[in-house]
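Okay, structure first, notes after.
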Amino acid sequence: MVRNFFIGGNWKMNGSVKQAKELVEMLNGFEVPANTEVVVAPPALYVDRVNQGLKKEIKVAAQNTYIKASGAYTGEISPQMLKDMGVDWVVLGHSERREYFHESDELVGEKTAFALDAGVSVIACIGEKLEEREANITNDVVARQMKAIAAAVKDWTNVVVAYEPVWAIGTGKVATPEQAQDVHAFLRQWLAENVSQKAADETRILYGGSVNGGNCKTLAGKPDIDGFLVGGASLKPEFGEIILSRQ
Ligand code: PEP
């Protein structure tokens, strides 16, 4: 089964009009290999401008959406609005949303299903905290997070899973290729046993957490790592090397 490589860039709450313009120019200068999909997620305010500026091979994602199409939900945006603006992707369940905005496993599952129903593809993030890894419950944690998504989602075709150990996000402390591969293999097995063999074979599972130009190639060589969700390095020229990491 050949799964296209997938590189996501999460800009988080960074940038300005000027920086977004520079990043668009940088991205437009990268050659995207035919076997690689690239999606960048600017802050909501810049999503449309970035989407208008990027070449068509590179897609744009929002960093969050809500579970209603419209209404009295001040500060939120809906997947229907993304669709209306020609935006095809959303990142959901990022650990920063879970931690700072108290998003539960169930809400992430609900958001995922709602976005998919609206025709927006989802990068669904999961991952354990340091104390959970140290307590040897990593697999239990990611299985619990996957279960909440699987309870809401019927069709996994437009879902990409991002395994992002919280202790590796923004810390410079990357998981070893073996640590990442072990969890990715577990997740694929989990999909086979709890969703379907098709979902296990076809769903891209990304690794995220301090990926950079120096460590991406060894990680990309692991059989169950189908790409990356990149934070800090997606704002730098080395993002170009990460895009090429499977070549
Ligand atoms: C992220 O924000 O999803 C992420 C992985 O960040 P970083 O690459 O900076 O660790």
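When only modelled atom types and interatomic distance are considered, Q52 and D48 share a side-chain donor-acceptor pair under 3.5 Å. Residues D224 and Q181 bring a donor and an acceptor atom of their side chains to less than 3.5 Å of each other. Using modelled atom types, one finds no donor on one side chain facing an acceptor on the other under 3.5 Å when comparing K236 with N212. For the residue pair E110/Y66, the side-chain donor-acceptor check at 3.5 Å is not satisfied.
Side-chain contact check for V38 versus E57: every heavy-atom pair is 4.5 Å or farther apart. Taking 4.5 Å as the limit, every side-chain heavy atom of N139 sits out of range of all side-chain heavy atoms of W190. D155 is not listed as a side-chain neighbour of L116, based on a closest heavy-atom distance of 4.5 Å or more. Using a 4.5 Å heavy-atom threshold, the side chains of I58 and V39 count as separate. Between K83 and V120 the shortest side-chain heavy-atom distance falls below 4.5 Å. With contacts defined as side-chain heavy-atom distances shorter than 4.5 Å, the pair Y163/E128 qualifies. V90 has its side chain out of reach of K111: every pair of non-hydrogen atoms, C-beta onward, lies at least 4.5 Å apart. Side chains of R98 and D105 form a contact here, defined as non-hydrogen atoms less than 4.5 Å apart.
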Q | Step-by-step side-chain contact (heavy atoms from CB on, under 4.5 Å) determination, V40 to F239 | A | CA-CA 11 Å; V40 293; F239 194 55; 4.0 Å; yes
Q.
Between K55 and L27, is the side-chain contact (heavy atoms from CB on, under 4.5 Å) condition met? List the steps.
A. CA-CA 8 Å; K55 60 182 178 183; L27 287 161; over 6 Å; no
(Q) side-chain contact (heavy atoms from CB on, under 4.5 Å), that's the test. Do L54 and N28 meet it? Break it down for me. (A) CA-CA 6 Å; L54 280 176; N28 284 343; 3.7 Å; yes
Q: Show your reasoning for whether side-chain contact (heavy atoms from CB on, under 4.5 Å) applies to V108 and Q145.
A: CA-CA 9 Å; V108 173; Q145 293 167 327; over 6 Å; no
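Judged purely by atom type and a 3.5 angstrom limit, K129 has no side-chain atom pairing as donor or acceptor with the backbone of V166. A donor-acceptor pair under 3.5 Å is formed between the side chain of T171 and the backbone N or O of W167. The backbone N or O of K12 sits less than 3.5 Å from a side-chain atom of Q63, completing a donor-acceptor pair. The backbone N or O of G15 lies less than 3.5 Å from no partner atom in the side chain of K18, so there is not a single donor-acceptor pair. Of the possible donor and acceptor atoms, none in the side chain of R133 sits under 3.5 Å from a partner among the backbone N and O of T138. Checked by atom type and distance alone, the side chain of N215 pairs as donor or acceptor with a backbone atom of S210 at under 3.5 Å. Between the side chain of R188 and the backbone N or O of D201, no donor-acceptor pair lies under 3.5 Å. No donor-acceptor distance shorter than 3.5 angstrom exists from the side chain of K217 to the backbone of E241, with no hydrogens or angles considered. Distance alone, capped at 3.5 Å, is enough to place a donor-acceptor pair between the R204 side chain and the N4 backbone. With hydrogens and angles ignored, the 3.5 Å screen pairs no side-chain donor or acceptor of K173 with any backbone N or O of G170.
Taking every heavy atom of both residues into account, A199 and W156 meet most closely at CB-CB, 4.2 Å. The two residues F5 and I242 make their nearest non-hydrogen contact at CE2-O, 4.5 Å. In this structure, A61 and V47 approach most closely via the heavy-atom pair O-CG2, 3.9 Å. Between A180 and L219, the shortest heavy-atom contact is CB-CD2, 4.2 Å. For the residue pair N51 and G86, the shortest heavy atom distance occurs at ND2-O, 3.1 Å.
The OG1 atom of T112 sits 11.0 Å away from atom CD1 of I67, with the distance rounded to the nearest 0.5 Å. Note that the CD1 atom of I205 and the CZ atom of F6 stand 13.5 Å from one another [nearest 0.5 Å]. With rounding to the nearest 0.5 Å, the separation of OH in Y73 from OG in S78 is 11.0 Å. For the atom pair L187 CG and T203 OG1, the distance stands at 10.5 Å (nearest 0.5 Å). The distance from atom CG of L229 to atom CD1 of I7, rounded to the nearest 0.5 Å, is 9.5 Å. Residue K147 holds its NZ atom at 9.5 Å from CD of E106, rounded to the nearest 0.5 Å.
Because its NZ or CZ atom is both nearer than 6.0 Å to the ring centre of F101 and within 45° of the ring axis, R97 counts as a cation-pi partner of that residue.
Ring-plane geometry between H184 and Y207 is classed as tilted, the angle between the planes lying from 30 to 60 degrees on a 0 to 90 degree scale.
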